Protein chains: 2
Amino acid sequence: MFPDILKRLRKNKQKTQKEMAEFLGITRQAYGHYENGSRQPDLSTIEKLADFFEVTTDYLIKGKERNVTDTDLSDDEKKMLAFFKNPELNLFFKEMAQSKEEQLEEMRQIWEIIKKRGLTK
Amino acid sequence: MFPDILKRLRKNKQKTQKEMAEFLGITRQAYGHYENGSRQPDLSTIEKLADFFEVTTDYLIKGKERNVTDTDLSDDEKKMLAFFKNPELNLFFKEMAQSKEEQLEEMRQIWEIIKKRGLTK
DNA sequence: CATTATACGAAACATAATGTTTCTGTCAAT
DNA sequence: ATTGACAGAAACATTATGTTTCGTATAATG
């Protein structure tokens, strides 16, 4: 699946294997291996390719776009959404959703403590 | 970046390295290499891991969140959805949604403190 | 306290993968 | 016909991964 997509993306960008290889810092043949599926690039190369072609790594690897819609939500996620919509909690979580990552990390740590205490006492 | 994310996702799912290794059909040490960054899994393994943790390969590889493109939700809801769709926060909020009211109250109070501190420092 | 089990990390080796070199073929352009 | 650009395939060299083995830390158990 991956090989054909790669080839198509390259053709669309009007690039030769040689050019792609130079961009990646490998030989033309090595890049050619990717396109005919005989070899697989490592993760850093995947990233470079995804960036170059401006696609997600998901698309390169699986060949599928991942548009997340509300119908894609799991039951747990739906439950959480309902929970978050609770008017009494709304402000609290709305604020958290907009907070900095460091503050969230603190919350996570504190939560661990509260959880443990709740079990033992 | 990839190794830490993998470890956190596993911990969130309460799995051991051994269990993950069995799931992938490799030894525990081989999987351990992924988490400490000394080895990188191939693409098919990446896919298996992404499926297992229910995240995109983009998130596993680059550590970026999924794109939320919902059209039926309000801006606030979209923000919250994007926020708690962050795979690493999943367990955290799942637990909170099921926790006792007293514990939530504590969280709210602590949150106030963290908020204020964030403003002043 | 000693012991057993669980979970994890690290070194060294065997194995499997990739990257390169070399050769071959195709297709335009001249 | 011939040259040059482009790309596929085989075989080897190189690099990576996966396994085995050993060691450490922690928690539970007698």
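Please read these numbers as outputs of a predicted model, since none were measured by experiment.
Between T56(B) and T56(A) the shortest side-chain heavy-atom distance does not fall below 4.5 Å. K15(A) is listed as a side-chain neighbour of F52(A), based on a closest heavy-atom distance under 4.5 Å.
When atom types are taken as modelled, the side chain of E35(B) and the backbone of G32(B) share no donor-acceptor pair closer than 3.5 angstrom. Of the possible donor and acceptor atoms, one in the side chain of E19(A) sits under 3.5 Å from a partner among the backbone N and O of T16(A).
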Per-nucleotide protein contact string for nucleotides 8-21 of chain C (B base, S sugar-phosphate only, - none; heavy atom under 4.0 Å): BBB-------BBBB
Evaluate F53(A) against M20(A) for side chain to side chain contact (heavy atoms under 4.5 Å, CB included), listing each step before the verdict. CA-CA 11 Å; F53(A) 292 124; M20(A) 292 308 300; 3.7 Å; yes
